[in-house]
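Structure first, then comments.
Scope of the values below: all heavy atoms of this structure, side chains included, with no hydrogens, waters or symmetry mates.
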Amino acid sequence: MRDLKERTKSFAIECWKFCAKSPHSREYNAYVNQLIRSSSSVGANYRATQRAKSNADFLNKLKIVEEEADESMYFLELLIEVLEENKEKAKILLAECNEIISIVVASINTTRRKINK
């Protein structure tokens, strides 16, 4: 399995490439800009978890990763609904985002168990 740090970086890059091919209009740009921000934040905040000072700090940073990934999913879902073309790429990105969230949530649960011992 690929390292999650690399996987979240790749997710951000693939979202950027997808957004670069999206139509350019005020309406699309609002969703596209948010997706670029949130998808890149997933990787940036995951990198921050690697520098956590404690389990509690690690947990807080992971929660941010989860929130940003969930936001990315939201904008991907919106784009799937409104795009006329390139929906398949959006669905692939949505599946990848869902897998990232699953991994992060599992890490959150493991960390919570460590903290509560």
query = Tell me the salt bridge (charged side-chain N to carboxylate O under 4.0 Å, His left out) pairs involving residues 48-57, sequence neighbours left out?
reply = Asp57-Lys61
query = Does Gln50 have any side-chain hydrogen bond (donor to acceptor under 3.5 Å, both in side chains) partners at least two apart in sequence or in another chain, and if so, which?
reply = Tyr46
message = Could you report the tightest heavy-atom contact between Ala69 and Ile101, atom names first, then the distance?
response = CB-CG1, 3.4 Å
Show me the side-chain donor-acceptor pairs of residues 76-84 shorter than 3.5 Å, one per line, residues at least two apart or across chains.
none

key: Donor-acceptor under 3.5 Å (Ser38 side chain, Gln34 main chain)   = yes
query = Which distance, rounded to the nearest 0.5 Å, do you find between the SG of Cys15 and the NZ of Lys89?
reply = 8.5 Å
inquiry  = My understanding is that only residues two or more places apart in sequence, or in another chain, count here; which of them pass salt bridge (Lys or Arg N to Asp or Glu O under 4.0 Å) with Lys17?
reply    = Glu14
message = Using the side chain to side chain contact (heavy atoms under 4.5 Å, CB included) criterion, which residues pair with Arg47? Sequence neighbours excluded.
response = Lys5
remark   = Nearest heavy-atom approach of Thr111 to Asn55 is CG2-O, 3.6 Å
note = Sorted by chain and residue number, the side chain to side chain contact (heavy atoms under 4.5 Å, CB included) partners of Lys9 (sequence neighbours excluded) come out as Glu6, Ile13
key: Contacts of Asn60 that satisfy side chain to side chain contact (heavy atoms under 4.5 Å, CB included) - sequence neighbours left out   = none
query = Could you state the interatomic distance from OG1 (Thr8) to CG (Asp3), rounded to the nearest 0.5 Å?
reply = 8.0 Å
ask   = Any chance NZ of Lys114 has more than 12 other-residue heavy atoms, nucleotides or ligands included, within less than 6.0 Å?
value = no
Test side chain to side chain contact (heavy atoms under 4.5 Å, CB included) applied to Trp16 and Ser39, step by step = CA-CA 8 Å; Trp16 182 85; Ser39 65; over 6 Å; no
ask   = Tell me the side chain to side chain donor-acceptor pair (under 3.5 Å) pairs involving residues 97-107, sequence neighbours left out?
value = Arg7-Glu99
remark   = Taking every heavy atom of Ser72 against every heavy atom of Leu35, the minimum-distance pair comes out as O-CD1, 3.7 Å
key: Partner set under side-chain hydrogen bond (donor to acceptor under 3.5 Å, both in side chains) for Glu66, not counting sequence neighbours   = Lys63
request  = Please name all residues satisfying side chain to side chain contact (heavy atoms under 4.5 Å, CB included) with Ile64, sequence neighbours left out, ordered by chain then number.
outcome  = Asn45, Glu68
key: All pairs passing side chain to side chain donor-acceptor pair (under 3.5 Å) where residues 19-29 contributes a residue, at least two apart   = Ser25-Glu27
query = With sequence neighbours excluded, what pairs up with Arg112 under the side-chain hydrogen bond (donor to acceptor under 3.5 Å, both in side chains) test?
reply = none
